[in-house]
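A, B, ... follow the sequence lines: proteins, then strands. Residue 1 opens every chain. The figures that follow rest on heavy atoms only: side chains count, while hydrogens, waters and symmetry mates do not.
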Protein chains: 2
Amino acid sequence: MSVRDTHDILERLSNLFRIEMRTFGLKFGLQPVQIEALTYLTQCNRYSDTPQAVGEYLGLTKGTVSQTLKVLEQKGFLRKQQDKQDKRVVHLAPTVKGRKLIQQSFPAKGLEAALKLTSSVKVRELEEVLRSTLRGMQYHNKRKTFAACQTCRFNEPQVKGAVCGLTQEPLSVQEIQLICREHQYPQ
Amino acid sequence: MSVRDTHDILERLSNLFRIEMRTFGLKFGLQPVQIEALTYLTQCNRYSDTPQAVGEYLGLTKGTVSQTLKVLEQKGFLRKQQDKQDKRVVHLAPTVKGRKLIQQSFPAKGLEAALKLTSSVKVRELEEVLRSTLRGMQYHNKRKTFAACQTCRFNEPQVKGAVCGLTQEPLSVQEIQLICREHQYPQ
DNA sequence: TTCATAAAGTATCGAGTCAATACCATATAT
DNA sequence: ATATATGGTATTGACTCGATACTTTATGAA
């Protein structure tokens with residue numbers, strides 16, 4: 001059992017995700033990248049719902065992302081809205097139609113069955129290793145971490161709810177579970 | 001901790017794989033899909049090194065694959081060779097240049113570091129769950145399993161070496177570690 | 001044997017991705 | 001007040017991908 005073995009399994013799993021994403025998207029006339037973008041937009045917080053952030057998340061240039069989002073908007077999966085403070089910024093909100101689509105998309109068919117056969121302790125351990133792998137890859141490639149406020153070093157738990165140390169704004173219980181583009185792990 | 005959580009981590013990991021694959025390939029003028037095809041060809045056995053098999057593995061049509069392989073051949077990463085028995089069939093062999101490229105490509109940077117921090121027992125468990133997830137997804141989506149002869153129900157261990165129950169041909173020790181397109185799990 | 005059908009692979013076309021470049025509008029810094 | 005930086009869009013060219021049509025070779029049935 002070498003690192004390469006684990007690597008190969010993850011790589012194959014990654015292939016399959018893409019294949020399933022493609023066949024799923026085909027039914028709605030969407031490309032894999034469009035589904036990925038829309039998925040992200042259902043998971044990110046209010047600081048991270050811009051074309052720029054989508055580009056950073058998917059590792060694409062802003063020009064490329066701009067086109068992807070144009071298609072998603074034209075097909076009615078998201079709405080664009082100009083930021084009140086900074087008029088250069090556009091916020092992207094999935095429509096009800098968009099959210100329903102993503103709820104339906106669950107490429108990892110079989111994952112559920114596989115996890116049911118595994119004890120919950122082991123599943124937690126599995127998640128931990130995967131998360132640490134993710135962090136390792138992000139760190140190694142100097143990418144942003146894109147994780148939830150919950151685990152962010154800027155997240156300051158206070159007497160009545162959490163506050164973001166960067167913006168000094170209060171964060172709701174729902175919001176601290178969302179992905180943030182400014183996320184940094186402690187230390 | 002829900003199935004969706006694990007799912008999301010895997011999905012993100014899958015994203016990162018693709019991003020790293022893209023940036024790596026860019027240096028050599030190769031697209032992600034071309035690297036994936038070449039990777040497969042360095043891992044598959046003699047029954048599985050055809051355009052058809054590559055297409056099944058990557059979930060693409062044969063027309064699409066044909067073009068991908070044309071580029072790889074033109075750039076000197078693989079050689080085509082007509083089958084002796086069935087003249088319709090083409091076998092694809094990565095060149096030395098091609099093999100070297102794949103050896104260099106190790107998208108899961110950080111994986112090594114993450115696994116080093118984890119006990120070998122847990123790593124084995126991790127692999128097991130990942131493998132079972134893979135199997136689950138393949139089964140659920142009615143895809144071929146594309147695994148090594150070692151775990152195939154057609155693999156018949158005999159006194160002097162293994163034999164493939166489908167072709168009745170003997171299999172070398174090296175060969176039973178390679179990916180086969182006819183692979184089926186026992187039972 | 002002969003003729004139909006199937007299978008493996010290639011070629012071409014149109015829709016779409018993606019990076020690069022240029023560009024516009026708005027913020028920010030000096 | 002003006003230069004520069006930043007967020008986003010538009011356009012172009014190389015490439016992917018599916019669909020379709022096509023060629024060559026195998027196989028199966030009359």
**Asked** Could you state the CG-P distance from B:Asp83 to C:dA7, rounded to the nearest angstrom?
**Response** 17 Å
**Request:** Name every residue in residues 32-53 of chain B that has at least one heavy atom under 4.0 Å from any atom of DNA chain D, in order of residue number, or write none if there are no such residues.
**Result:** B:Val33, B:Gln34
**Message:** Can you pull out the residues from residues 56-78 of chain B that lie within a 4.0 Å heavy-atom distance of DNA chain D?
**Reply:** B:Leu60, B:Thr61, B:Thr64, B:Gln67
**Request:** Assign B:Gln85 to base, sugar-phosphate, or nothing according to its heavy-atom contacts below 4.0 angstrom with the strands shown.
**Result:** sugar-phosphate
Could you go through residues 64-73 of chain B and list every donor-acceptor pair under 3.5 Å that involves a side-chain atom there, pairing it with any protein atom two or more places apart or in another chain?
| residue | atom | partner | partner atom | Å |
| --- | --- | --- | --- | --- |
| B:Thr64 | OG1 | B:Thr61 | OG1 | 2.9 |
| B:Thr68 | OG1 | B:Thr64 | O | 3.3 |

**Message:** Filter on salt bridge (charged side-chain N to carboxylate O under 4.0 Å, His left out), then keep only pairs touching residues 139-154 of chain A, sequence neighbours left out; what's left?
**Reply:** A:Glu56-A:Lys144, A:Arg143-B:Glu20
**Item:** Polar pair under 3.5 Å, donor/acceptor by atom type, side chain B:Arg88, base C:dA7
**Value:** yes
**Message:** Once ring-ring contact (aromatic ring centres under 6.0 Å, His included) is applied, what residue pairs with a partner in residues 160-187 of chain B remain, sequence neighbours excluded?
**Reply:** B:His183-B:Tyr185
Test: [X] and [Y] ion pair at under 4.0 Å:
| X | Y | answer |
| --- | --- | --- |
| B:Glu127 | B:Arg131 | yes |
| B:Glu169 | B:Arg46 | yes |
| A:Asp8 | A:Arg4 | yes |

**Complete:** In the 5' to 3' direction, the nucleotides of DNA chain D bounding the stretch that comes under 4.0 Å of a heavy atom in chain B are D:dC15 to D:dA26
